[in-house]
Protein chains: 2
Amino acid sequence: MAIVDEMVCFALYSASRATTRAYTELLSPWQLTYTQYLVLVVLWNEGSKPVREIGEMLQLDSGTLSPLLRRLENKEFIRRERSQNDTRVVNVELTEQGSALRKELAHVPEQIACGTGLLDIQSAREYLDTLHQITEQMQKLPIKIQPTN
Amino acid sequence: MAIVDEMVCFALYSASRATTRAYTELLSPWQLTYTQYLVLVVLWNEGSKPVREIGEMLQLDSGTLSPLLRRLENKEFIRRERSQNDTRVVNVELTEQGSALRKELAHVPEQIACGTGLLDIQSAREYLDTLHQITEQMQKLPIKIQPTN
DNA sequence: CACAATTGAATTGTGTACAACTTAAAATAA
DNA sequence: TTATTTTAAGTTGTACACAATTCAATTGTG
């Protein structure tokens with residue numbers, strides 16, 4: 001059984017990489033990576049957001065986000081502005097160009113949907129549940145001794 | 001539906017990263033990454049193999065493998081030797097230490113199995129099938145015009 | 001044989017991931 | 001209020017992942 005689980009992990013790793021490649025290929029005319037696209041999706045759906053909240057939603061830390069946001073800023077899809085209330089916080093907002101991308105990239109979800117090969121919403125949702133369960137369980141592994149200081 | 005498919009892609013990406021983190025945490029006493037572990041698994045199961053074949057099995061190219069193998073060689077878990085027949089080919093073989101790791105790391109699959117939360121072989125296999133299907137489909141995306149030169 | 005095309009591995013360059021650290025600012029406690 | 005702690009973002013360093021290129025060796029073809 002343990003060997004099958006390791007096969008599941010490898011399959012997960014392979015499927016994730018294949019998916020990232022497919023996205024990046026689709027997004028190549030805009031010179032966007034999958035992770036950059038994810039940040040844009042967050043902003044399209046949620047509006048301006050501080051770096052920390054984007055990080056929470058995508059489970060990415062500032063070590064990943066800071067340089068990524070700098071690149072999105074250089075491409076002029078986003079702007080970064082320090083918050084007035086709390087100058088530690090940097091708010092990320094879409095530029096005109098960044099907002100316009102939403103329509104330009106409307107074909108991406110459709111294209112990707114062909115790639116999952118999932119036929120009905122029912123099975124897709126069940127699939128999602130299992131993936132969420134794996135993510136949650138893996139985040140608990142390995143069972144660490146809680147720091148007590 | 002397309003939105004659900006994008007959710008599946010993100011869930012895949014999250015689950016894969018959580019899995020890699022769990023492995024790397026488990027492997028940290030040996031200073032091994034998940035990808036390095038995968039290469040060792042290949043060698044434990046298949047014996048010495050040229051770089052190209054390892055790359056085929058893990059779907060990794062020489063740009064990833066060459067530096068990774070150098071690191072495994074520095075740790076003295078593997079050796080690299082140019083083939084006599086075809087000097088383009090580099091064969092990768094386990095060292096004594098590298099072979100010994102197999103027993104030392106026997107606990108890893110068990111630990112990881114707890115992390116998938118998959119209860120029976122039946123559902124695990126079904127899950128595997130779907131992951132393979134996604135990987136295959138994604139590799140076909142986007143439908144590219146075949147170069148005709 | 002000669003030469004063009006292909007192959008195997010390595011290298012270079014870009015972009016994540018992520019741990020560990022730094023710095024400044026804000027919240028809390030003493 | 002001062003001192004301590006916590007928090008937000010950025011920086012540094014390591015290691016994939018992968019496209020593109022290089023180089024040498026081999027294979028194929030005329």
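Proteins come first, then strands; the chains are lettered A, B, ... in the order of their sequence lines, and each starts at number 1.
- We find that CG of A:Asn91 is positioned 12 Å from C1' of D:dA9, with the value rounded to whole Å.
- Residue B:Asn85 is classed as a sugar-phosphate contact, given heavy-atom separations below 4.0 Å to backbone atoms only.
- A:Lys75 places a side-chain N or O within donor-acceptor distance of the main-chain N or O of A:Gln31, the cut-off being under 3.5 Å.
- Side chain of A:Thr24 to backbone of A:Arg21: no donor-acceptor contact under 3.5 angstrom is found.
- Residue B:Asp86 contributes atom CG, which lies 12 Å from atom P of D:dG28 at whole-angstrom precision.
- Between B:Gln139 atom CD and D:dC18 atom C1' the separation is 14 Å, expressed in whole Å.
- Of the residues A:Lys49, A:Arg79, A:Arg80, the one that meets the side-chain hydrogen bond (donor to acceptor under 3.5 Å, both in side chains) test with A:Glu93 is A:Arg79.
- Remark: P of C:dA9 and CG of B:Leu58 are 14 Å apart, rounded to the nearest angstrom.
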- Summarise how protein sits on nucleotides 11-19 of chain C as a single string, 5' to 3': B when a protein heavy atom is under 4.0 Å from the base, S for sugar-phosphate-only contact, - for no contact. B---SBBBB

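- Cation-pi contact between A:Arg17 and A:Tyr13: present, with separation from the ring centre below 6.0 Å and deviation from the ring axis of at most 45°.
- Here D:dT27 sits opposite C:dA4 as a Watson-Crick or G-U wobble pair (both hydrogen-bonding atom distances under 3.5 Å).
- For the atom pair CG (A:Leu58) and CD (A:Glu53), the distance works out to 11.5 Å, reported to the nearest 0.5 Å.
- Counting only N and O atoms by type, the side chains of B:Asn91 and B:Ser48 include no donor and acceptor under 3.5 Å apart.
- For A:Gln137 and A:Gln133, the side-chain atoms include no donor-acceptor pair closer than 3.5 Å.
- Counting to the nearest Å, the P atom of D:dA25 and the CD atom of B:Gln84 are 14 Å from each other.
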Pairs under 3.5 angstrom, nitrogen or oxygen only, protein versus nucleotides 4-7 of chain D, please.
residue	atom	partner	partner atom	Å
D:dT7	O2	A:Arg88	NH1	3.0

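- Judged purely by distance below 3.5 Å, without hydrogens or angles, the side chains of B:Ser83 and B:Asp86 never pair a donor atom with an acceptor atom.
- Aromatic ring orientation, B:Tyr23 versus B:Tyr37: tilted (interplanar angle from 30° to 60°).
- For the pair B:Arg82 CZ and D:dC23 C1', the interatomic distance rounds to 10 Å; values are reported in whole Å.
- Of the side-chain N and O atoms in B:Thr87, one or more sit less than 4.0 angstrom from OP1 or OP2 of D:dT26.
- Counting to the nearest Å, the P atom of D:dG10 and the CG atom of A:Leu65 are 9 Å from each other.
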